[in-house]
Amino acid sequence: MANDLGVSAPRVATARSGFFEFVRKRAGISGLFVVLLLLAVTASLISDAFLNPFNLVNVLRQVALYGIVSIGLTFVILTAGIDLSVGSIVAVISVLTATMLNAGVPIPMVVLAGLGLGLMFGLINGVGITLVRIPPFIMTLGTMVMLRGLALTLADGRPIDVASTAADFSWIGRGSALGLPIAVWIFIVVALVSLFVLRFTPFGRNVYAVGSNAEAAHLSGINVELTKIGVYSLSGFLAALTALIFVSRLTVGEPTAGTGLELEAIAIAVIGGTSLFGGQGGIVGTAIGACILAILANIMNLVGISPFTQQIVKGAIIIIAVSMEVFRRRR
Amino acid sequence: MTNITKRFPGVTALDGVNISLSRGEVLALVGENGAGKSTLMKILAGAYRADEGEISLFGKTVSYTSPLLMMRMGVAIIYQELLLAPHLTVAENIYLGRLPRTPLGTVEWAKVRKDAAAIINRLGFDIDVNAPVETLSVAYRQIVEIAKALSQNARILVLDEPSAVLGDAELEKLFAIIRRLAAEGMSFIYISHRLEEVFAISDRTQVMRDGRVVGVKPTSELTRNELVRMMVGRELSDVYPDRKPVAGKMLLEVQGLSNSILKEADIHVREGEIVGVCGLAGAGRSELLRAIAGADSAQARVFNSMGVRSPFRSPRRGLARRVGLVPEDRRKQGLFVDQSVGFNISIAKLSNATSAGVIVGSKERQLAAKYIARLRIKTPSKEEIVGNLSGGNQQKCVLAKLLNADCRVLLIDEPTRGVDIGAKREIYQVLAELADREKVGIIMVSSELPEILGLCDRTYVMRNGRVVQELVRGAMTEERIMMAATGSDLANA
């Protein structure tokens, strides 16, 4: 009996300290999760409509749409970079997708071409930033403006309606499986794959290393340039994926689509605890951040706060989130 | 200050410490990192308050302390990182926060400039008081700090490791000022790691260890060995490990290595060898290591590193061919300070922690545990953030990173910079073990000659980008190295 206790007691102790250790190390994520729960509870108290399944699915669609781009931004920000071009990439790809569908291009080809082009735009960002050494902010600001112009030029400034002949395509944005929209499933898959890549692959490790200390990464034999090109390409790819979902849901190619999306995505990543200085943060935080912002927008809609006022609130939240990070760093 | 005790949560930083200073005296305060010097000085400056003990200044007992009060009492501290505003002028910096006003409330600039110039003159320097501080050398900035202290009528000046940022010539200037002001009745507390300076400048030396005073003596009655023994509790000879060097086959041979800084440098290292590289600052020592590692580009007449015949074009290629660099600035170039110990150890060769391209947690933990044990890295856990470790243990993490990348040649730039004596000894031990047991070839750059003499089998001396001399163990002396480094042998010829 005494023997039993002698053996089991330390095991209990380690299990317990393991749990506290787990919570302590993830203090940021745990805190975020608490914020999310409080927000959800508050939302359900403020408005009966919030917990309505139809509304919740809507919130999840929102999470998916912004979340996918935010995950791309998370990779970029982890390397201490920034990508302002994602909103414009969404616009260009949405216009091109609508045009291709109307021209009768087979759907798989449209999807591949759209994703491929998004990847290419990201690649161009990455090459400009690494090989030409243009600061990420400037490079992606440039492509942001250029691509927006390209989208407007291609669409002649007007939305392009997708002909009903391409009805199958709308399955991506409108279809559902197991009670959840396909778009949400796509987000879940993207999030899980990204989580895996960041935590368990050398590429993910290198992303953290480059953001944490690019010089040390270079001297540690990491291919800093390739890692950066990789994250910008991924960001472009995920923006294109978002564009496909967008076109498929609204059956329209919209040259003004994704305006301000880059800021929304950056906000989500930062609220989720990813440091703009690089090297800190991750996908779980970003996913929670996307939920927080979506619920917040939803509740403001439900209560009837005007979109203009909503912008003021969102802006304030971004500032609060970043100042919290600054305080955390100072400690 | 008598019987000062200061406790922090979990540690007694100072335990009944006494310190006294008389008018015009220069007191050297020495001890390893964590000995309590800085805490004591912060209490003197009023930044911390003592839990027990008494402070008396100029015959008056001070019961309540604050930074402002202590400054008014005449205590000034000059910290290692100078607290000057780089874009403001010398005069503005000296009177920062205390700029004299005209009756209208505007700044009386003429008076500011005149008074500032007068103080700088009193120090025996010719510095333009209208120049922005950022245009001055580090030494001159230190002069400005001292001028600032004088303008506050300081009577006790504490210098916290001033030499860390100064070259030898600049240090001489600083010493000249200290002597001058001491002669005028100013008292100094001079904190330093470097024993040479202690002997050069101080009247009396107080040694601290683990929050206690272990000895106070007139400096003239102290010997170097006695001082080191007091600091670390052991003899100087123990600091360097016994080595049984057996140089094996050639690992790296470079002839005629040149780039914008290096001129036809020749260097080689064999298995089990520790080779030093000496020279003055700017002689091209760091650049030599960087060029070999592939961090800077260079051409070579002959290059042979374990079969590779041309210089590495990037650190990645160097590491892939088992040649690794421990850079000069650990925090900026060597470590990922906000990441864990395990992250830092595995990063240069993640394939050691993967299976089918996926990082396996258990493999990575094993790997970290292996190097933590092998290099005796003191860390609470593998998950500890590397930035929280002491300098010596951080340096070991950088070494572990390269060992994990299977490096056979280690190029180490200042292996013990910013590391206290106890930890230095640990690092020497580790380097000796790597060379003797594992037959790693080590090339180390060091500004500390005793380190070269105590550890290296051979040393190269560099001057103006050239390797001007090679000395083997029996022939290595401080004089010979310094002569070659400064070129004074040529001056005699």
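Remember, predicted model here, so these are calculated numbers, not experimental data. By convention in this document, chain letters (A, B, ...) are assigned in the order of the sequence lines, proteins followed by strands, and residues within each chain are numbered from 1.
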Novice: Name the option with the most non-hydrogen atom pairs under 4.5 Å to chain A; the candidates are B:G324, B:A348, B:G294.
Specialist: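 Highest number of pairs under 4.5 Å: B:A348.
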
Novice: Can you tell which part of B:L319 gets under 4.5 Å to a heavy atom of chain A, answering side chain, backbone, both or neither?
Specialist: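 Side chain of B:L319 only, per the 4.5 Å heavy-atom cut-off to chain A.
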
Novice: In Å, rounded to the nearest 0.5 Å, how long is the span from CG of B:L350 to CZ of A:F200?
Specialist: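 The distance works out to 13.5 Å.
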
Novice: I'd like to know whether A:Y208 forms a side-chain contact (heavy atoms from CB on, under 4.5 Å) with B:I347, so could you lay out the CA-CA distance, the side-chain angles of the two residues, the decisive distance to 0.1 Å, and finally the verdict.
Specialist: CA-CA 10 Å; A:Y208 280 100; B:I347 192 72; over 6 Å; no

Novice: Just wondering, are more than 12 heavy atoms of other shown residues or ligands nearer than 6.0 Å to CZ in B:R313?
Specialist: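 Atom CZ in B:R313 is not packed in, count stays at 12 or less.
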
Novice: Select one option (side chain, backbone, both, neither) describing which atoms of B:S346 are under 4.5 Å from chain A's heavy atoms.
Specialist: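 The side chain, not the backbone.
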
Novice: Side chain to side chain contact (heavy atoms under 4.5 Å, CB included) with B:R316: which of A:N223, A:V224, A:I222?
Specialist: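 Among the candidates, only A:N223 passes.
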
Novice: So how far is it from A:R199 CZ to B:I359 CD1, rounded to the nearest 0.5 Å?
Specialist: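 Rounded to the nearest 0.5 Å, the CZ-CD1 separation comes out at 12.0 Å.
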
Novice: Pull out the residues in residues 326-335 of chain B that come under 4.5 Å of chain A, heavy atom to heavy atom, sorted by number.
Specialist: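 Residues B:P327, B:R331, B:K332, B:Q333, B:G334, B:L335 are the ones that qualify, each having a heavy atom under 4.5 Å from chain A.
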
Novice: Working to the nearest 0.5 Å, report the span between CZ of B:F336 and OG of A:S220.
Specialist: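 Interatomic distance, B:F336 CZ to A:S220 OG, rounded to 0.5 Å: 4.0 Å.
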
Novice: For B:R322, I'd like to know if atom CZ has over 12 heavy atoms of other residues, nucleotides or ligands within 6.0 Å.
Specialist: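 Enclosed.
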
Novice: Considering only heavy atoms, which portion of A:A214 lies under 4.5 Å from any heavy atom of chain B: side chain, backbone, both, or neither?
Specialist: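 For A:A214, no heavy atom lies under 4.5 Å from chain B.
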
Novice: Hey, is NZ on B:K439 packed in by over 12 heavy atoms from elsewhere, all under 6.0 Å?
Specialist: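 Atom NZ in B:K439 is packed in, count exceeds 12.
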
Novice: Does A:F203, at its CZ atom, have more than 12 non-hydrogen atoms belonging to other residues, nucleotides or ligands within less than 6.0 Å?
Specialist: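 It does: A:F203 CZ has more than 12 such atoms within range.
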
